[in-house]
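Reminder, nothing fancy here: chain letters follow the sequence lines and each chain counts from 1.
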Amino acid sequence: MTEQRFDPSHADGRWQRAWDEARCFAADSASNKPKSYVLEMFPYPSGRIHVGHVRNYTMGDVLARYKRMTGHEVLHPMGWDAFGMPAENAAMEKGVHPAGWTYHNIDTMRGQLKRLGFALDWSRELATCDPNYYGHEQALFIDLYQAGLVYRRQSAVNWDPVDQTVLANEQVIDGRGWRSGALVEKRQLDQWFLKITAFAQELLDGLGELDGWPEKVRLMQENWIGKSEGLQFRFDLTNGGSVEVYTTRPDTVFGASFVAVAPDHPLAQDVAMYNCDAAKFIELCKRGGTTAAELETAEKLGFDTGIGAIHPFTGARLPVFIANFVLMEYGTGAIMAVPGHDQRDFDFARKYGLPIVRVVAPSAAEADAPLSEAEPGDGVLVNSGFIDGMGVAEAKRAVIDRAQGGGWGEGKTVWRLRDWGVSRQRYWGTPIPFIHCAACGVVPVPKDQLPVTLPEDVDFTTPGNPLVRHPTWKHVACPQCGAAAERETDTLDTFVNSSWYFLRFASQPADRPFDRAEVARWLPVEQYIGGIEHAILHLLYARFWTRALAHIGQLDVNEPFASLFTQGMVTHETYRAGDGSWLSPGEVRRDGDDWVAIADGRPVTVGRVEKMSKSKKNVVDPDDMVDRFGADAVRWFMLSDSPPERDLPWSDSGIEGCGRFVQRLWRLFGQCGLGGAGADAVDDRALDRKVHQTVAAVAADIEALAFNKAVARIYELTAAIEKAPPSASRSNAISTLLLLIAPMMPHLAEEAREHFNIGLGLGLVAEAAWPEADPALLVDDEVTIAVQVKGKLRDTLMAPRGLPREELEALALASEKVQRFLEGAEVRKVIVVPDRLVNIVA
RNA sequence: GCGGGUGUGGCGGAAUGGUAGACGCCGGGGACUUAAAAUCCCCUGGGCUUUGCCCGUGCCGGUUCGAGUCCGGCCACCCGCACCA
């Protein structure tokens, strides 16, 4: 007897096991089918899966399953970005080992993902904290070192003197360590760097070919790389020295009215040696805040050094200032200031009474038009000697040519992008595979001695890097001379781990990081899906590693991700009790129009819909939702309503509606056999059309990742089938519908196929093909024509498709409503859009 | 400040320059039931003098037979970068 309800608690696990046993989702690199690599950003194993993960992986899963149904060999893997600070924090706070904590979390989260029925190739699962992964990473790091793309130099770091550790910029809050609260010091340490700047131009150019990436992300990366072209040149100084400045506007050189150097510029430091007012000013600059708000309101401040700089063309003596708005980190740390055409210079000149000269004007006739603010735009050069009358671009070239000819300057490209510092003074990361020998210097660990594994017996009870104070780990013999030497105790930035994991997913030989030919069969990733928060760092680093590995001959692709999709967040209402404390969705209930706390019945304030966060307690646990509604309802909710790039507000009523729809489909699938034979077995052409139109539209929507639209079309088709009388067409429609929902609600599809014996062949729905849409059925015989009078809709009428213009016009003019609105006026013009609309202009 | 994005019912949102509000949620009414749940049916942008008409896609203007959509100018909110010479 037929059950009335679909029972996910029974069905979900059954089908997940069936897919496992059939090895449905194992990717075959040797397959002749067209390949499709669908990848979602792998999670950090923080403890439990978040609803945001579920949304991300559901989108990828629908695409992966759809690709399989359309005849592709699909690689859809999953792994763990498993190194990082939270594991060490847990070790310090709870006394657990980072490895134990991490692997426990991985077990939990893997279980959660499996409950959602994702079509993942678990045979390729990897964790970056596994020596089988990071050992290969060490090999790649050594390869890059030998290619000259890795180097060491001294660099300033944020040092927390209490925790005895280096902090990332994000971990310094108001100058204090985020954990210890201690004042952070700047320390110079020997650090490892990857030479990403060597690829700056390539990484910039490559963006132009990434049509599958959001424009927003490409722009963010472009700005991050920050290319600017200009002139670096030398001012001779009245004290006998000189100062190098950099400008992107060499055309405005005749408008320079002063020179400014950064407070930490050597020239400023020199002046401070003998001038204590200068020293005081430099101190003042250092004290300035660095927050966004402070910078925005910060006043331009300067200190006149009394030194003069000689203008290279006019010979004029320009004052040299120390200025708080000049940065040592960019260009040469010194500028020529042109107040007429740079707003900062303008503000500064106003304050200190310096000349403001116009050297670019809309036309030569406006050479002396007054300036009320800096004019950074294009125009024609004026008041500028030999470049008068030139355009900006032409003048730039002319000035650079003169400077180079005179030997006092050269055209130069400056980048905002810096080399990537990858040293971390921490335990839970990839050990940097180098040995420091007093005699031989820095020596790479021989590859046959890889992996350099982390010691397991480590102590987190005292601050600092446990690798440094481990009794034996760092003591080794030098691979070159055999003398006593020490291992490098820094580990690699975790972004290195995620810079090549997509290669290891594609190919996993035991003896090397990946097989070049096998990787070539899968890459680039056809569709990469993840959060916008990785728009710059992760995605730029992964692009860099790919190019670097291609550069040293290990790879055949330059860009790892052909298409990128950044999905929105999952949000939820927030709830606050009267005392201001946050309440979780499970702690409140609706009481009429109000909300009250379940515990004590007191009123609750409903706050904004915000990103789910533990601190505001507006989180829902995916496991609870799977328990209550089953995996398919949760998956369906993740795809419904909001466009995938926008935020998705989680709501109880929303997920309940999805649960209802699952049951509604179940009941409909139960009707598949009705009317399939006998007297009722007639065709229903209208329904056939609806089915084929939906097949084509849903396919297009999935390929465009417009899941919300695909969902809406499936609702429409469901309603149309429900309303249709029994017929062979209706039974076919139901079995087609089962295939359409299969990528989204795979458990329901399998269970219904088996339970109601819906004829799709004998195999699993997971192995079924996507239905074909018959082009002949994609258009209707009869169309609705909108009839407008002077652009306003007055009537609609049905007409056969393809009716000639004249006939449509006649039909429209015959309409009683049209005649009423024309009120006998003369028809001046009739616009006919065949099969759509007639507009009568009177 | 610079760059980018978004503004459509009570809510999430649909709509190749051609019937604005598909589809879902909420809400209302009804059927079934002893009752409830479940399910099914109907209504659901605003207004009016309600056989029907008028207004309506952030605001102002423009192009067009026709504008949510294109153009110009504003406003609001969101995101990114930020004294980058």
Side-chain angles (χ1 to χ4, degrees), chain A residues 4-5 214-224 226-228 230-232 245-250 252 260 262 288 290 292 294-296 298-300 323-327 329-338 341-345 347-348 376 414-416 532-533 535-536 571 573 609 636-637 640-643 645-658 660-661 663-664 667 706 708-719 722 784-797 817 820-821 828-833 835-842:
Chain A
Q4 292 303 299
R5 292 182 63 80
E215 187 61 22
K216 178 189 173 77
V217 175
R218 291 197 283 175
L219 272 165
M220 283 166 74
Q221 292 211 354
E222 189 180 321
N223 292 336
W224 187 263
K227 180 181 186 177
S228 62
L231 172 68
Q232 183 169 323
V245 300
Y246 176 73
T247 177
T248 56
R249 292 296 301 275
T252 62
T290 50
E294 285 167 322
L295 280 176
E296 195 166 341
E299 199 181 353
K300 304 277 178 285
N324 66 343
F325 69 93
V326 179
L327 304 176
E329 302 84 58
Y330 189 80
T332 62
I335 61 164
M336 72 164 193
V338 184
H341 305 281
D342 182 290
Q343 192 59 42
R344 292 158 302 176
D345 300 350
D347 295 343
F348 192 92
V414 169
W415 304 85
R416 187 182 172 282
I532 186 71
E533 66 274 18
I536 296 173
T571 57
E573 274 180 341
V609 173
W636 186 249
F637 183 82
S640 302
D641 296 345
S642 288
E645 68 277 9
R646 286 205 217 163
D647 289 351
L648 171 68
W650 180 279
S651 73
D652 279 352
S653 51
I655 181 68
E656 283 161 15
C658 294
R660 281 198 297 273
F661 185 59
Q663 300 302 336
R664 185 175 156 200
R667 291 190 298 274
N708 58 320
K709 294 190 216 170
V711 163
R713 293 185 206 283
I714 287 171
Y715 275 116
E716 281 187 69
L717 178 62
T718 302
E722 284 169 339
T784 309
I785 304 293
V787 182
Q788 299 179 336
V789 176
K790 287 187 273 189
K792 291 203 172 195
L793 181 74
R794 295 306 179 189
D795 200 3
T796 59
L797 48 89
K817 288 176 185 170
R820 184 147 25 101
F821 278 94
R828 292 200 322 234
K829 193 174 174 185
V830 178
I831 285 105
V832 180
V833 182
D835 297 334
R836 290 217 77 139
L837 157 147
V838 180
N839 186 12
I840 296 156
V841 186

Participant: Ignoring backbone atoms, test whether A/Y330 places a side-chain nitrogen or oxygen under 4.0 Å from the OP1 or OP2 oxygen of B/A85.
Facilitator: yes
Participant: Can you give me the closest heavy-atom contact between A/K790 and A/V841, atom names plus distance?
Facilitator: CG-CA, 4.4 Å
Participant: Take the angle between the ring planes of A/F661 and A/W636 and call it parallel below 30°, perpendicular above 60°, tilted in between.
Facilitator: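 It falls in the parallel class, under 30°.
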Participant: Given the ring of A/F821, does A/R794 sit roughly above its face, with NZ or CZ under 6.0 Å from the centre of the six-membered ring and within 45° of the axis?
Facilitator: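 That pair qualifies as a cation-pi contact.
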Participant: With side chains defined as the heavy atoms from C-beta onward, is the minimum distance between A/Q232 and A/T332 less than 4.5 Å?
Facilitator: yes
Participant: Can you tell me if the side-chain N/O atoms of A/R667 get under 4.0 Å from OP1 or OP2 in B/C40?
Facilitator: yes
Participant: Classify A/D342 by what it touches in the nucleic acid, base, sugar-phosphate, or nothing, heavy-atom distance under 4.0 Å.
Facilitator: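 A/D342: no heavy atom of the nucleic acid under 4.0 Å.
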Participant: Considering only nitrogen or oxygen atoms on both sides, find all protein atoms under 3.5 Å from nucleotides 78-81 of chain B and state each distance.
Facilitator:
from	atom 1	to	atom 2	distance (Å)
B/C79	O2'	A/K216	NZ	3.4
B/C81	O3'	A/R416	NH2	3.3

Participant: Is there a side-chain polar atom (N or O) of A/N708 under 4.0 Å from OP1 or OP2 of B/A14?
Facilitator: yes
Participant: Indicate whether OP1 or OP2 belonging to B/U19 is found under 4.0 Å from a side-chain N or O atom of A/R836.
Facilitator: yes
Participant: When we call it a touch if two heavy atoms are under 4.0 Å apart, what does A/R794 touch: a base, just sugar-phosphate, or nothing?
Facilitator: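 Sugar-phosphate contact only.
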Participant: Which base, if any, makes a Watson-Crick or G-U wobble pair with B/C40, both distances under 3.5 Å?
Facilitator: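 Pair assignment: B/C40 / B/G30.
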Participant: Name the pairs: protein N/O against N/O of nucleotides 25-28 of chain B, kept only if under 3.5 Å.
Facilitator:
from	atom 1	to	atom 2	distance (Å)
B/C25	OP1	A/R660	NH2	3.3
B/C25	O2'	A/S653	OG	2.9

Participant: Could you tell me whether A/R713 and A/E716 make a salt bridge, using a distance below 4.0 angstrom between a side-chain N and a carboxylate O?
Facilitator: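 Salt bridge between A/R713 and A/E716, a charged N being under 4.0 Å from a carboxylate O: no.
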Participant: Considering only B/G13, B/U19, B/C65, which nucleotide approaches the side chain of A/S642 most closely?
Facilitator: B/G13
Participant: Which is true for A/Q788 with a 4.0 Å heavy-atom rule: it touches a base, it touches only sugar-phosphate, or it touches nothing?
Facilitator: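 A/Q788: base contact, heavy atoms under 4.0 Å.
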Participant: Hey, does the side chain of A/K792 come within less than 4.0 Å of B/C55's phosphate (OP1/OP2), counting only N and O?
Facilitator: yes
Participant: Please determine whether a side-chain nitrogen or oxygen atom of A/R344 lies at a distance below 4.0 Å from atom OP1 or OP2 of B/C2.
Facilitator: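 Indeed not, no polar side-chain atom of A/R344 lies that close.
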Participant: Taking the side chain of A/P649 as heavy atoms from C-beta outward, which of B/A22, B/G12, B/A15 is closest to it?
Facilitator: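 Nucleotide nearest to A/P649's side chain: B/G12.
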Participant: Hey, is NZ on A/K817 packed in by over 12 heavy atoms from elsewhere, all under 6.0 Å?
Facilitator: no
